[in-house]
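By convention in this document, chain letters (A, B, ...) are assigned in the order of the sequence lines, proteins followed by strands, and residues within each chain are numbered from 1.
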Amino acid sequence: MSDPVFRGGLAGAKAIDGSISVSAIDDRGMIDLRGDIKDKKFVAATKKVLGISLPAQPRQSVNKGEVTALWLSPDQWLITCPRAKGAHLANGLQTALAGIHSLAVDVSDARSIIRLEGQGAKEVLMKGAPVDLLASEYTDGYVRRLRFAELAAMIHVVSSDPEIIDLYVFRSYAQYAWDWLAATSTKQSRLSLFANQSIASV
Amino acid sequence: MRYSIFSLARQALNYHKGWEKAWRSPELKPSYDAVIIGAGGHGLATAYYMAKEHGMTNIAVVEKGWLGGGNTGRNTTIIRSNYLQDASIAIYDLAHKLYADLSQEFNYNIMFSPRGLLMLCQTEHELRGFQRTAHANRIAGLECEMIDRQRVKELVPIINDRDDARYPILGAYYQASGGTARHDGVAWGYARGADQMGVDIIQNCEVTGLLRDGDQIVGVETTRGTINTKKVAVVTAGHTSHIMQMAGVSMPIESVCLQAMVSEPIKPVIDVVVMANTVHGYVSQSDKGELVIGGGADAYNNYAQRGSFASLEHTATALVETFPIISRLKMMRQWGGIVDMTGDRSPIISMTDVKGLYVNGGWGTGGFKSIPGSGFVFADTIANDRPHPIAEPFGLKRFVRGEFIDESVASGVAH
Amino acid sequence: MTGKPYRLPDDSGAGRLLDRSKPLSFTFDGKKMTGYAGDTLASAVMANGRRVMGRSFKYHRPRGLITMGSEEPNALVGVGTGSRREPNLRATQVELFDGMTSVSQNRWPSLDFDVGIINNHMSRLFPSGFYYKTFMWPKTFWHKVYEPVIRNAAGLGVAPDGVDPDSYEQVHVHCDVLVVGGGVAGLAAAQAAAANGKRVMICDETPRLGGIADISNELIDGKSQLDWVREQAASLTAADNVHVMTRATVIGHYHHNYLMIFERLTDHNPALAAAGAPRHRLWKVRAGKVILASGASERTMTFANNDRPGVMLSSAARTLVERYGVAPGLMGLIFANNDDAYITALSLKRSGVGIARIVDVRENPQSEIITAAQDAGIETMFGHAVAGVETSAGGKQIDAVKIAPYVKGRGRVVNEITVPADFIAVSGGWNPVAHLWCHNGGKLQWDDTLACFKPKSHDDDIAIVGSANGTMDLAGCLKEGYAAGEKAGGKARLKKPRVVVRKQAPVEPMWFSPATGKYNEGNKHFIDLQNDVTAADLELAQREGYESVEHTKRYTTLGMATDQGKNSNVPGMGIIAEATGKAVPEVGTTTFRPPYTPFSFGAIAGTQRGKLFHVIRRTAVYDWHTSQTSVMEPVGDWRRPYCYPQGGESQQDAINREILNVRNNVGILDASTLGKIEIKGPDAGEFLNRMYTNMFAGLKTGKCRYGLMMNEMGFLMDDGVTAKLADDHYLMHTTSGGADRIAAWLEEWLQTEWYDLKVYVTPVTEQWSQFAIAGPNARKVLEKLGSDIDLSHEALPFMAMATGDIAGFPVRLFRISFSGELSFEVATPANYGQDLWDKILEAGKEFGIAPYGTEALHVLRAEKGFIVVGDETDGTVTPHDVGMSWAVSKKKPDYIGKRSLEQAFLTEPGRKQLVGLATTDPNEVLPDGAPAVESGKLTGHVTSSYWSPTLKRSIAMALVKNGSERMGEKISFPLADKVIEAEIVDPVFYDKEGARQNV
Amino acid sequence: MLEIKCPVCGVVGEEGDFHGGGQAHITRPATDNPANISDEAQRDYLFMRHNPKGLHFERWRCDRGCGKWFHAARDTVTNEFKAYYSIRELPPVELMKAATGSWAEYFKDKMVTK
């Protein structure tokens with residue numbers, strides 16, 4: 001038999017011609033990792049496999065090479081890597097963590113990632129997410145789980161200048177999130193906040 | 001003074017100077033045979049039936065604010081009786097039947113309007129749930145029917161009946177005799193009726209303490225003095241826990257804010273009452289032309305009478321989807337009322353461990369429609385010091401026995 | 001003066017906002033009219049000589065505009081047509097555009113001739129609350145006769161037709177300071193707040209900043225207020241820490257400084273909407289601090305027939321002239337109790353509008369502005385009041401004004417004179433616009449000097465400045481604005497402007513001007529203009545005991561109109577106070593609820609409409625399903641195929657075929673929606689023991705076990721199969737609808753009650769596509785696909801699981817069955833789901849494979865007597881009730897719901913128990929929910945009912961009183977049109993021994 | 001619409017991002033004492049609630065954030081949050097002292113241990 005055909009959660013989504021660039025990323029491997037950051041053995045084992053120390057601070061991420069660890073919770077991280085390496089890394093973690101109270105699960109297919117690029121990306125997200133995206137903490141590497149368009153979602157600020165933000169949503173919700181972005185990122189609804197205003201009428 | 005078109009005409013000649021007070025403003029007496037705390041619909045109805053059915057006229061209804069100013073004046077005025085559980089059917093049906101004759105009984109038009117009420121079926125699960133209710137109601141003798149989408153469209157021309165709607169209309173459960181009444185009129189009618197039989201309604205009289213002598217209630221302390229009495233009925237929707245605590249009685253109740261809103265008045269677009277449980281909203285059009293919209297309750301305890309925009313938004317969004325013309329109409333006023341939620345979401349009409357202390361509360365979202373029935377059976381319970389058969393299932397002991405009256409099972413909510 | 005043009009000439013200096021080089025054409029009630037860019041609909045209609053713009057609610061009296069903005073109670077119009085029609089817009093707020101179609105409301109057949117005016121002539125029969133006193137006989141007539149008539153007469157505008165073609169959206173914004181109102185005080189506050197870099201938003205309801213600066217006469221730093229405002233506006237819009245919004249109304253203040261701003265983006269220019277711009281945008285703002293600079297609104301005064309077209313607020317008259325170059329009439333009279341009206345007098349005079357005189361109720365007021373008016377040659381008349389008007393043309397035209405000496409509290413008018421005039425500009429003082437202050441619990445207090453309610457205290461971080469705070473002088477407004485801005489944004493190094501303080505003569509409240517003749521008899525003194533509530537109505541309410549102001553309001557409908565009491569509350573309370581001899585604060589205080597002004601439901605829904613109303617969750621095979629069948633069933637937020645009709649097949653035929661195909665060949669079901677949760681840790685076994693009713697401790701690795709879950713009340717809430725992956729590692733399956741709920745439920749117990757247990761829980765529902773391959777040929781299909789897993793019964797028996805590879809796909813394979821057939825559930829990562837599905841169908845072709853939907857699934861399980869949580873259970877059903885006592889452990893000391901199962905009612909004999917039903921006529925299918933009735937009482941109901949193609953008869957399950965002890969008994973189910981009889985039988989209808997699944 | 005702060009991850013968010021879990025400090029009798037729980041004790045556990053006008057103690061989950069449960073003290077009349085604290089802890093002593101009615105009763109003998 002031939003190799004399994006890969007079909008991401010946004011394979012059928014229609015391209016969006018809007019005020020920012022919106023694209024689907026489906027070549028990412030993801031591992032949901034749970035463990036006790038105060039457990040030295042856990043920290044050491046994960047570092048050995050991943051090559052990085054897990055971020056201990058809320059809403060931070062740590063990146064080295066192809067591997068990024070995103071903080072999800074005090075005892076939970078999402079490890080991302082190239083898709084081809086996902087299963088390998090998951091196995092590596094499971095092996096290294098044998099006997100250590102933890103849970104590492106390959107969840108590469110559980111989420112879809114939508115990348116927003118270009119000036120105004122934050123403003124588009126602000127139409128769906130009730131968080132202060134203009135706060136200074138939203139800089140490179142920032143991670144936050146949030147509600148976006150009524151969905152459980154997560155954003156990862158890949159770069160603040162130029163603006164690149166990855167929006168993670170669960171796979172079954174991806175089409176809805178995509179349709180939402182298509183509706184709110186139109187050129188006619190472009191939003192300028194706090195600057196670039198025309199002089200107000202008097 | 002009897003009201004009629006003739007008395008109106010007579011008074012018109014005299015520029016309406018001859019009208020008498022609708023009710024007295026009596027002085028509080030030092031003792032009564034019974035004191036009812038709370039001059040809302042339920043409290044006033046209780047007093048009315050105690051006087052009318054049981055000859056108890058030496059009673060007082062004490063009210064912190066002004067009569068009818070709590071949830072009685074803050075609801076969406078819907079009346080229906082098509083519940084699932086036998087106990088619920090019994091009390092709401094009694095209320096419904098009493099409602100039908102109240103205007104004539106009071107000589108005061110409460111504008112009972114059986115304009116028809118339908119509960120939409122928008123999922124197969126909901127459809128099945130209502131089918132079960134329909135059968136149960138038929139056996140109980142209620143006139144209700146399941147209707148199809150075509151009939152729904154005829155009754156509610158503005159409904160979104162598209163096949164590709166997120167929640168398509170699969171049909172509805174229709175109670176032709178369901179409808180609305182004028183909420184203030186109900187409170188005022190009961191007040192006028194009770195007052196005429198000698199009941200003292202004391203407004204601006206806040207209860208500050210309940211007095212016990214061992215297991216027996218002996219009095220009520222108020223901002224206008226202490227009252228000696230052997231029977232106290234607590235009918236203070238939204239504040240039941242607070243008042244009962246004064247007698248040292250805990251309640252299986254949490255108080256939350258339930259919200260409602262109205263649109264600006266428009267010419268008639270909807271003649272019936274529509275409830276859409278799947279999307280959490282219900283709507284009717286008032287005689288003034290406002291769309292009266294009821295929605296959900298906030299998920300946290302709240303006595304502020306102000307709810308979150310979130311729950312209102314949820315409701316309004318659902319209604320824009322269900323009735324697309326609403327999109328270009330405007331929301332004119334929103335408000336919240338504090339409702340008591342019990343563990344099984346059914347009310348409490350009960351004796352208590354304290355002799356002479358009775359409680360009626362926990363109506364959640366169903367208070368207005370039950371007022372006459374609730375007052376009738378509660379009055380009987382107080383007068384005879386034993387639960388009226390219709391009140392009995394709503395007693396506090398159900399929480400010890402595990403004998404809950406769970407209506408949510410009918411609304412298609414999977415647990 | 002209908003028919004006369006009111007537009008002032010270009011050289012009058014009036015009409016600041018008009019661009020007379022840009023004429024716009026529009027229609028009002030079908031009549032073609034012309035206005036200019038910059039006009040409002042109200043000013044343009046007036047400029048065309050039409051003063052009557054609407055009819056009142058109850059008496060259908062002709063009405064003209066009375067205010068200058070969003071609080072307008074009279075000039076309500078419908079704008080647009082068809083699905084874009086919007087009723088109840090305030091003409092004073094509507095910006096004119098070319099091609100606008102507008103109509104008046106609440107009149108038939110026309111605005112000029114309205115048959116509803118009959119109500120006015122019969123109004124003595126319709127005092128407040130008349131409907132409570134009549135329409136009661138005969139009993140059914142209220143609903144059948146009276147009410148329909150009333151309903152058809154009531155209401156204002158006509159709703160649009162059909163689906164709104166425009167779009168709406170929302171945006172969430174945080175800021176440090178939100179300034180509400182762009183007048184002088186607001187601009188000062190915003191400047192100061194922004195000086196240190198704080199994120200500041202300032203918004204104004206109107207299309208421009210400045211409030212009433214342009215129609216005020218005092219100077220700031222020696223410059224006109226308008227020039228000062230221009231400078232501030234320019235500097236704020238240029239700042240990169242300030243966001244300036246116009247056409248943006250803050251409609252509500254909610255908990256913790258959460259505010260809603262309603263922004264109108266395209267209403268003034270429909271071309272933008274047509275091009276795809278959102279029509280309205282609702283801003284959800286979380287502000288650190290809020291500064292309200294919402295200004296004040298002018299009050300009218302109450303005299304007989306004070307509602308006649310041509311009676312308007314002094315500020316409205318001034319606005320018409322100054323901004324729109326429209327004269328309110330040809331000869332006017334100013335009626336005032338305060339100094340502000342004198343500015344209007346001067347303004348009108350300057351623009352060439354005739355002023356008969358100023359009538360001032362004050363005895364001998366003295367101030368600079370009064371002197372200025374007198375110096376300009378305007379006649380003043382102190383200690384007098386307007387007592388009424390003389391009208392013609394059915395009340396549409398004022399001819400003269402009746403003036404009488406005014407002595408407070410005196411009932412009769414003497415020495416009345418009549419002065420010709422065709423309009424009256426009225427000023428009864430100013431009310432702070434403190435609505436937002438009240439929304440979240442702010443308190444108001446009565447101010448005797450200003451005769452109004454003004455802000456008192458608030459629990460939130462909110463300040464109120466300027467005239468909204470009752471500070472009615474320019475210097476005070478600026479001072480408060482800067483101070484509040486600095487308090488919010490830190491000490492600011494700003495050069496603050498100088499203002500020459502001009503002394504004003506104090507306002508003298510006047511609630512009621514008596515009319516000629518007997519006190520208040522036969523004359524209508526309007527308080528609530530839209531709802532036609534008169535002073536007499538308020539007095540009647542008092543007389544009848546509706547004394548509390550809340551009773552009065554509800555009895556008379558005072559303040560319930562679309563202006564929500566903005567114009568009527570304070571005068572109404574003043575009247576009640578006079579009628580009862582109380583002081584206003586004794587009558588009661590007033591409060592305001594959101595919204596500040598009515599706003600569109602479309603904005604509340606925002607983007608969430610149509611396909612974005614609510615998410616549809618899609619499995620990896622969703623597109624395939626929808627390409628095969630349109631019969632999809634909502635299951636929670638998912639959509640699952642209900643059945644797959646082929647070539648004109650009915651749904652029932654398709655379901656029967658699918659079922660028989662599973663029984664005889666092999667079927668495939670997309671079961672991806674089933675909840676999947678990984679549970680791992682040294683205490684995972686113990687944890688499962690506590691969550692499930694049955695024992696999990698003894699389960700072996702590689703094996704599966706069915707489990708039941710109760711809530712703490714002892715009622716069933718979920719079920720599913722849990723597989724043991726390793727010593728300390730489990731995979732739990734939940735119902736499709738329960739997946740998220742159960743994952744949260746597990747977390748809750750681990751975090752809040754049993755935090756000593758070492759267990760991690762990770763939901764993995766979304767990771768896997770999972771397919772049930774069921775039927776006698778199931779194994780053959782998998783064998784054809786090829787696998788490294790030994791698929792034999794011996795190696796992988798019923799209730800075993802394995803991990804490996806099938807046709808090159810990484811899989812987890814479970815020998816579990818919900819159909820009673822030989823069945824494998826195969827799970828593969830979701831992104832391979834579609835391909836695996838395709839390959840299974842391809843491989844299964846020769847074995848007769850066909851997909852089956854949820855209905856076939858339900859029939860298959862019912863034939864086997866398996867329950868569905870949510871069908872057989874409804875939140876009041878225990879495991880014992882559904883005959884699953886075998887799954888309720890007696891050994892475990894504790895698990896969720898165990899204790900409640902022992903409550904008296906739950907152990908009572910004679911509870912309803914799950915049974916099977918075999919109808920006496922095998923072709924008769926009981927309806928779902930059908931009632932079992934014995935001796936007239938409801939003793940049970942059908943929980944599931946189907947036609948079983950396997951057994952070629954109907955089958956059903958029911959909960960019946962004491963059912964499990966009544967096997968073989970007959971029981972009847974009376975329906976509306978017939979009675980169906982059935983025998984109580986074992987709920988397992990097919991393959992009781994379970995031989996078919998165990999091969 | 002409340003604004004809530006999660007004491008676990010520090011996030012400040014909208015009410016809709018959190019999940020209200022009802023009254024705090026309810027002892028589950030069965031966990032400590034699987035046998036001999038009276039019907040009344042089980043009822044109290046399941047249904048009886050402090051329902052004060054004023055200071056209240058409750059549970060919330062940082063639902064769309066870190067997923068952790070925590071405790072909060074809130075005034076049910078003003079909706080002001082007075083404190084956030086761990087799901088495993090009792091409220092700060094000063095708030096236990098400030099509690100009224102049945103809450104005061106509940107905390108009466110618990111302040112020393114804190």
Side-chain angles (χ1 to χ4, degrees), chain B residues 3-5 8-9 12 15-16 19 21-23 66 69 103-104 108-109 111 113-114 123-124 128 131-132 135-136 138-139 166 184-185 264-269 287-289 304 306 309 313 316-317 320-321 324-335 401-403 406 408-409 414-415, chain C residues 86-88 124-125 127 130-136 139 143 147 150-151 154-160 163-164 254 521 540 543-545 548 550-551 554 562 593-594 598-602 604-605 608-609 613-614 633-634 717 737 870 874-876 903-906 928-931 933 938 941:
Chain B
Y3 294 151
S4 70
I5 185 68
L8 256 177
Y15 298 101
H16 299 283
W19 293 112
K21 295 233 182 270
W23 47 76
W66 40 283
S103 294
Q104 289 71 32
Y108 196 91
N109 191 356
M111 296 169 234
S113 175
T123 67
E124 289 288 340
R128 280 200 295 270
Q131 276 163 350
R132 179 182 164 196
H135 289 303
R138 182 170 47 77
I139 301 303
R166 178 64 180 83
D184 293 327
E264 289 191 328
I266 47 165
K267 292 293 171 194
V269 293
D287 288 348
K288 281 189 70 186
R306 295 186 294 279
F309 190 77
E313 181 176 7
T317 301
V320 167
E321 183 63 17
I325 65 154
I326 287 180
S327 174
R328 281 182 109 85
L329 302 181
K330 294 188 278 294
M331 196 255 270
M332 182 168 82
R333 184 172 70 251
Q334 69 171 103
W335 67 92
R401 288 173 44 76
E403 192 167 5
D406 193 337
S408 59
V409 305
H415 281 245
Chain C
E86 183 176 6
N88 303 345
R124 266 169 84 176
L125 276 175
F130 70 96
Y131 31 79
Y132 295 113
K133 293 174 179 147
T134 183
F135 300 138
M136 286 178 270
K139 194 177 133 185
H143 170 56
E147 191 184 34
I150 291 173
R151 282 174 84 80
L156 287 172
V158 179
V163 179
D164 191 342
Y254 299 87
E521 286 169 4
L540 174 64
R543 198 173 303 133
E544 294 198 82
S548 134
E550 288 293 342
H551 281 160
R554 285 157 181 266
T562 58
R593 292 179 212 294
F599 72 112
S600 70
F601 283 101
I604 307 181
Q608 270 180 279
R609 56 170 61 210
F613 167 58
H614 189 75
E633 185 187 23
M717 66 181 282
D874 63 8
T876 65
Q903 300 284 96
F905 186 68
L906 276 61
D928 277 327
V933 175
L938 191 65
H941 72 277

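Here the straight-line distance linking atom CD1 of B:Ile326 with atom CG of C:Asp164 works out to 12.0 Å at 0.5 Å rounding. With rounding to the nearest 0.5 Å, the separation of CG in C:Leu938 from CZ in B:Arg132 is 8.5 Å. Separating the NZ atom in B:Lys288 from the CG atom in C:Leu156 is a distance of 8.5 Å, to the nearest 0.5 Å. With rounding to the nearest 0.5 Å, the separation of CG in B:Leu8 from CZ in C:Arg124 is 12.5 Å. Atom CZ of C:Arg593 is separated from atom CH2 of B:Trp335 by 8.5 Å, given to the nearest 0.5 angstrom.
No other option in C:His941, C:Arg151, C:Glu147 has as many heavy-atom pairs under 4.5 Å with chain B as C:Arg151. Between chain B and the residues C:Gly737, C:Ala930, C:Pro594, the most heavy-atom pairs under 4.5 angstrom are made by C:Pro594. Put simply, of C:Gln903, C:Glu86, C:His551, C:Gln608, the one with the most heavy-atom pairs under 4.5 Å next to chain B is C:His551. The candidate from C:Glu550, C:Glu633, C:Arg543, C:His614 with the greatest count of non-hydrogen atom pairs under 4.5 Å with chain B is C:Arg543. Put simply, of C:Pro598, C:Ala154, C:Gly545, the one with the most heavy-atom pairs under 4.5 Å next to chain B is C:Pro598.
For chain C, the nearby parts of B:Arg166 are the backbone and the side chain; heavy atoms of each come within less than 4.5 Å. Using a 4.5 Å cut-off between heavy atoms, C:Thr562 contacts chain B through both its backbone and its side chain. Using a 4.5 Å cut-off between heavy atoms, C:Val163 contacts chain B through both its backbone and its side chain. Contact of B:Glu124 with chain C is made through the side chain alone, with heavy-atom distances under 4.5 Å. Heavy atoms closer than 4.5 Å to chain C are found in the side chain of B:Glu321, but not in its backbone. Residue C:Phe130 touches chain B through both its backbone and its side chain, counting heavy-atom pairs closer than 4.5 Å. Only the side chain of B:Ile139 has a heavy atom closer than 4.5 Å to any heavy atom of chain C.
At least one side-chain heavy atom of B:Asp184 sits under 4.5 Å from a side-chain heavy atom of C:Tyr132. B:Trp23 has its side chain out of reach of C:Glu544: every pair of non-hydrogen atoms, C-beta onward, lies at least 4.5 Å apart. In this structure the side chain of C:Ile604 reaches within 4.5 angstrom of the side chain of B:Phe309, judged on heavy atoms.
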In sequence, state the C-alpha distance, the side-chain angles, and the governing distance for C:Arg609 and B:Thr317, and then conclude on side chain to side chain donor-acceptor pair (under 3.5 Å). CA-CA 7 Å; C:Arg609 56 170 61 210; B:Thr317 301; over 6 Å; no
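Checked by atom type, the side-chain pair B:Gln131/C:Asp928 shows no donor-acceptor distance below 3.5 Å.
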